[in-house]
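Here, residue 1 is the first one in the sequence, and each next residue gets the next number. Treat the numbers as computed from the prediction; the structure is a model and nothing was measured.
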Amino acid sequence: MLIFCRRIIINKPELLKKKGPLLLACNHPNSFLDAAILADLFKYPVYSLTRGDVFKNPFYSKILTALKMLPVYRTSEGTENLGINYETFEDCKRIFKKEGIVLIFSEAKCINEWHLRPLRKGTARLAFSSWEENIPLEVLPVGINYSSFRRFSKNLFINFGEIMTKNDFDLNEPDGKRNQAFNNKLEEKFHQLVFEIDKDDIQKQKLLLEKKPSLLLKIILFIPAIVGWLIHAPLYLPIKNFTYKKTWDNDHYDSVLIALLLFIYPLYVILITILILLLTHNLFSWLLIIALPFTARAYVQLKPQLDKQVVYKSA
């Protein structure tokens with residue numbers, strides 16, 4: 001997180017310590033990273049609802065379940081699977097009854113863009129189903145905004161909205177009417193949290209997304225940043241090129257890149273540390289385990305922050 005996120009700006013950081021029953025209703029601009037980052041930031045465990053088709057592989061299903069991910073299916077993924085959604089909602093309500101936290105992506109689709117898309121009904125249905133069982137659920141709108149979708153290391157802007165409760169709605173209304181009222185209210189809150197920026201509007205991107213380092217910080221980090229680039233380029237550039245070739249036509253670039261580095265980077269650091277130790281026979285070589293990530297962070301603090309102009313396609 002310290003390398004991938006050069007800065008994390010949160011409007012209400014005190015909410016990261018909040019207990020459940022809590023439903024995080026979030027936009028979905030950057031694949032599974034959205035869930036991974038929020039789960040990492042919250043004090044208490046966060047269960048997240050994830051596209052169901054990835055659970056069809058038994059091996060992946062075990063991993064995802066261990067990572068507190070629960071399957072949900074869209075109609076486009078087969079109507080025969082929609083029954084599983086009811087099972088997942090029951091799992092969510094059991095989590096709520098234990099004062100747990102569940103994350104749902106209210107747009108139900110990931111697209112790399114600074115734009116709020118139409119909301120699906122899943123968030124409303126889960127909320128009303130919980131309230132009908134007298135679960136004191138709170139719904140917290142979350143807007144997550146990245147400074148880029150193709151550059152490693154981001155400025156991350158996490159905006160929390162005002163909490164919604166059952167007192168904001170008439171539970172006696174028909175399902176369709178109350179679901180629409182819920183989505184209207186949630187959408188109104190989202191518009192205050194999610195950045196609206198055209199991918200070609202570079203000036204607005206610079207205004208809202210760029211956080212330039214101070215001159216003093218540039219001076220202090222200049223040499224560590226150069227060292228960081230030289231040391232990490234042999235690892236990062238091949239992985240970056242491989243990831244781009246595999247994800248050039250979808251919105252999973254960041255997620256695949258981070259997943260690969262999550263497993264490979266620690267091995268890379270340990271390998272360099274051991275090689276230096278064998279060459280120098282100096283026990284201070286073990287400090288490289290800390291020094292190498294520091295130089296990587298130094299570099300990402302000074303590197304360009306915004307994407308080059310590219311065309312993003314939907315997942």
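Counting only heavy atoms from C-beta outward, the side chains of Ile111 and Arg117 approach each other to under 4.5 Å. A heavy-atom distance below 4.5 Å is found between the side chains of Leu302 and Lys218. Between Lys211 and Arg6 the shortest side-chain heavy-atom distance falls below 4.5 Å. Between Pro293 and Tyr265 the shortest side-chain heavy-atom distance falls below 4.5 Å. Asn112 places a side-chain heavy atom less than 4.5 Å from the side chain of Arg150. By the 4.5 Å heavy-atom criterion applied to side chains, Leu23 and Glu138 are not counted as neighbours. Considering only heavy atoms from C-beta on, Lys18 comes within 4.5 Å of Ile163 through its side chain. The shortest distance between side-chain heavy atoms of Phe59 and Ile63 falls below 4.5 Å.
Figure legend: cation-pi geometry between Arg178 and Phe128, with NZ or CZ positioned under 6.0 Å from the six-membered ring centre and within 45° of its axis.
Within a 6.0 Å sphere centred on CG of Leu230, other residues, nucleotides and ligands contribute more than 12 heavy atoms. By the neighbour-count criterion of 12 heavy atoms within 6.0 Å, atom CH2 of Trp131 is densely surrounded, having more than that number from other residues, nucleotides or ligands. Atom NZ of Lys177 has 12 or fewer neighbouring heavy atoms from other residues, nucleotides or ligands inside a 6.0 Å radius. More than 12 heavy-atom neighbours from other residues, nucleotides or ligands sit within 6.0 angstrom of NZ on Lys12. Within 6.0 Å of atom CG in Leu237, more than 12 heavy atoms from other residues, nucleotides or ligands are found, so the atom counts as buried in its surroundings.
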**OP:** Given side-chain contact (heavy atoms from CB on, under 4.5 Å), test Asn155 with Leu209 step by step and report yes or no.
**Re:** CA-CA 7 Å; Asn155 295 323; Leu209 304 174; 5.8 Å; no
Subject >> Leu41 and Met1: CA distance, side-chain angles, deciding distance, side-chain contact (heavy atoms from CB on, under 4.5 Å) verdict >> reply: CA-CA 10 Å; Leu41 291 173; Met1 285 286 286; 4.1 Å; yes
**OP:** Mind running side-chain contact (heavy atoms from CB on, under 4.5 Å) on Leu119 and Phe190 for me, showing each step along the way?
**Re:** CA-CA 10 Å; Leu119 306 184; Phe190 267 141; 3.9 Å; yes
Subject >> Trace of the side-chain contact (heavy atoms from CB on, under 4.5 Å) decision for Leu49 with Phe105 >> reply: CA-CA 7 Å; Leu49 302 187; Phe105 297 107; over 6 Å; no
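For the atom pair Asp254 CG and Ser31 OG, the distance stands at 9.0 Å (nearest 0.5 Å). Here the CZ atom belonging to Phe32 is positioned 8.0 Å from the CD1 atom belonging to Ile258, to the nearest 0.5 angstrom. In this structure, CD on Glu162 lies 9.5 Å from CG on Leu193, to the nearest 0.5 angstrom. The structure places CZ of Arg120 at 10.5 Å from CZ of Arg125, a figure rounded to the nearest 0.5 Å. In this structure, the separation between CD1 on Ile144 and CG on Leu156 is 5.0 Å, given to the nearest 0.5 Å. Here CD1 of Ile3 is found 6.0 Å from NE2 of His232. Values are rounded to the nearest 0.5 Å.
Between the side chains of Asn184 and Gln180, a donor-acceptor pair is found at a separation under 3.5 Å.
Judged by distance alone, with hydrogens and angles left aside, the side-chain atoms of Thr65 form no donor-acceptor pair with the main-chain N or O of Lys62 at under 3.5 Å.
Taking the charged nitrogens against the carboxylate oxygens, Lys93 and Glu90 do have a contact shorter than 4.0 Å, which makes a salt bridge.
In terms of heavy atoms, Phe152 sits closest to Lys303 at O-NZ, 3.0 Å. Residues Gln205 and Asp198 come closest through the heavy atom pair NE2-O, 3.5 Å.
Looking at Phe157, Phe195, Phe149 one by one, the single match for ring-ring contact (aromatic ring centres under 6.0 Å, His included) with Trp114 turns out to be Phe149. Of the candidates Val139, Val102, Ile104, Leu103, Leu103 is the only one forming a side chain to side chain contact (heavy atoms under 4.5 Å, CB included) with Leu24.
Following chains of ILVMFWY side-chain contacts shorter than 4.5 Å, one can reach Ile9 starting from Leu140, so the two form part of one hydrophobic cluster.
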